[in-house]
There are 2 protein chains.
Amino acid sequence: MVGQPLVSISSLAQELCITPRTIRYYEEMGLLTPVHLEKMSQRLYGPRERARLILILRGKRLGFSLAEIKEMIDLYDIDRTEGLQLERAVAYGEKRLRELDEKIQEMTLLKGELLDYQQQFTDLLKKCKDKNANVAVED
Amino acid sequence: MVGQPLVSISSLAQELCITPRTIRYYEEMGLLTPVHLEKMSQRLYGPRERARLILILRGKRLGFSLAEIKEMIDLYDIDRTEGLQLERAVAYGEKRLRELDEKIQEMTLLKGELLDYQQQFTDLLKKCKDKNANVAVED
DNA sequence: ACACCAGTTTACGTTAACGTCAAGCGTTTT
DNA sequence: AAAACGCTTGACGTTAACGTAAACTGGTGT
């Protein structure tokens with residue numbers, strides 16, 4: 001075992017380009033559970049919490065709410081899942097995966113549409129330039 | 001030209017599973033510009049506005065803010081873009097496309113992680129079931 | 001000892017994206 | 001004509017996700 005690389009809240013915040021407040025808020029919402037040193041004095045974050053936080057931020061960028069993200073995290077938290085609800089967890093996970101697939105599809109669709117427009121526009125732009133070039137020659 | 005199939009606000013809302021209020025809000029934010037019959041009396045929506053609205057909703061599901069969505073829409077609105085800013089539009093469009101690609105990547109990444117967990121869990125679940133089966137046999 | 005820094009809690013403020021409700025208007029059904 | 005229906009414009013309420021400011025605490029350099 002290596003001595004765990006624990007970092008402070010502001011250090012972690014800076015690393016991930018967010019504010020300490022945001023991190024505390026996520027803890028308040030039950031998304032993070034950092035080490036509270038000696039019965040309250042400071043929070044310290046190890047690699048596990050960092051990984052979670054990165055997951056949270058990714059989820060946010062992809063349009064999931066904190067509530068949804070919490071569900072996902074809780075779902076795959078072995079400690080909490082404790083046997084009993086294994087089947088549920090698996091079922092729920094499949095549902096989430098289907099949702100993800102839908103989102104990826106939609107994302108790809110949107111990309112296609114943007115690409116279409118982009119093509120039209122670049123064509124148009126090219127025409128304009130050609131025209132300007134001709135005018136320049138005529139001068 | 002077919003007589004345009006114009007529909008009322010609540011009709012369109014119902015079709016897309018949102019409320020009229022939402023549609024009005026999007027108009028207020030400059031995302032929609034429906035026909036206002038006879039100098040104000042009712043809004044009517046044709047296929048163009050419907051298409052826009054669908055784009056907006058898709059954008060929302062994918063984690064874009066209304067402001068970002070407005071930028072995209074305005075960007076590719078030929079009427080507004082009116083020549084002058086063609087180059088900017090194209091450049092901005094490329095930026096958006098890169099962002100989209102990043103999001104698709106992240107989405108795929110997230111899917112991969114969830115799949116990993118899912119696999120672990122289904123394996124675990126299978127083991128449990130096997131065990132239970134054995135116990136049953138031993139009885 | 002004193003100042004300073006980094007962290008803490010508490011609490012109120014803010015913004016986006018609507019929800020909700022009131023009051024009024026135009027048509028059409030009874 | 002009265003009532004009902006659907007739409008309209010305010011205008012205020014609500015929720016999520018933080019921002020921000022105040023007041024306190026615990027170590028650290030000088």
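Since we're looking at a predicted model, the values are computed, not measured. Throughout, protein chains are lettered first and strands after them, A, B, ... in sequence-line order, and every chain is numbered starting at 1.
For the pair A:K103 and A:F64, the cation-pi criterion (under 6.0 Å, within 45° of the ring axis) is fulfilled.
Applying the side-chain hydrogen bond (donor to acceptor under 3.5 Å, both in side chains) test to A:D116 and every residue at least two apart in sequence or in another chain returns nothing. Under the salt bridge (charged side-chain N to carboxylate O under 4.0 Å, His left out) criterion, A:E94 pairs with no residue, sequence neighbours left out.
With rounding to whole Å, B:Y45 atom OH is found 14 Å from D:dG6 atom C1'. What separates CD of B:Q42 from C1' of D:dT8 is a distance of 9 Å, to the nearest Å. A straight line from CZ of A:R43 to P of C:dG7 spans 11 Å, rounded to a whole angstrom. Note: CG (A:L44) to C1' (C:dT8) measures 13 Å, nearest angstrom. If you take CG of A:L57 and C1' of D:dA17, they are 13 Å apart, rounded to a whole angstrom. Between A:E28 atom CD and D:dG19 atom C1' the separation is 13 Å, expressed in whole Å.
Distance alone, capped at 3.5 Å, places no donor-acceptor pair between the A:K111 side chain and the B:L97 backbone. Using modelled atom types, no side-chain atom of B:E106 and backbone atom of A:L62 make a donor-acceptor pair closer than 3.5 Å. Although no hydrogens or angles enter the test, the distance criterion places no donor-acceptor pair under 3.5 Å between the side chain of A:R61 and the main chain of B:G63.
Within the 4.5 Å cutoff, side-chain heavy atoms of B:I56 are placed close to those of B:L32. In this structure the side chain of B:R96 reaches within 4.5 angstrom of the side chain of B:E68, judged on heavy atoms.
The heavy-atom pair separating B:K60 from B:I69 by the smallest distance is N-CD1, 3.6 Å.
Considering only side-chain N and O atoms, A:K60 lies under 4.0 angstrom from the phosphate OP1 or OP2 of D:dC18.
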Contact letters for nucleotides 21-26 of chain D, in which S counts primed atoms plus P, OP1 and OP2 and B counts the base, heavy atoms under 4.0 Å: ------

Enumerate, atom names and distances included, each donor-acceptor pair closer than 3.5 Å involving a side-chain atom of residues 20-27 of chain B, sequence neighbours excluded.
{"residue": "B:T22", "atom": "OG1", "partner": "B:T19", "partner atom": "OG1", "Å": "3.1"}
{"residue": "B:E27", "atom": "OE1", "partner": "B:R43", "partner atom": "NE", "Å": "2.6"}
{"residue": "B:E27", "atom": "OE2", "partner": "B:H36", "partner atom": "NE2", "Å": "2.7"}

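Near DNA chain D, meaning a heavy atom under 4.0 Å away, the residues from residues 14-27 of chain A are A:T19, A:R21, A:T22, A:Y25, A:Y26. At a non-hydrogen distance threshold of 4.0 Å, A:S65, A:L66 from residues 61-69 of chain A come into contact with DNA chain D.
When distances are taken from the side chain of A:S10 to each of C:dA6, C:dC18, D:dC18, the shortest belongs to C:dA6.
Grouping the Ile, Leu, Val, Met, Phe, Trp and Tyr side chains by contacts below 4.5 angstrom, directly or via other members, places B:L109 apart from A:I73.
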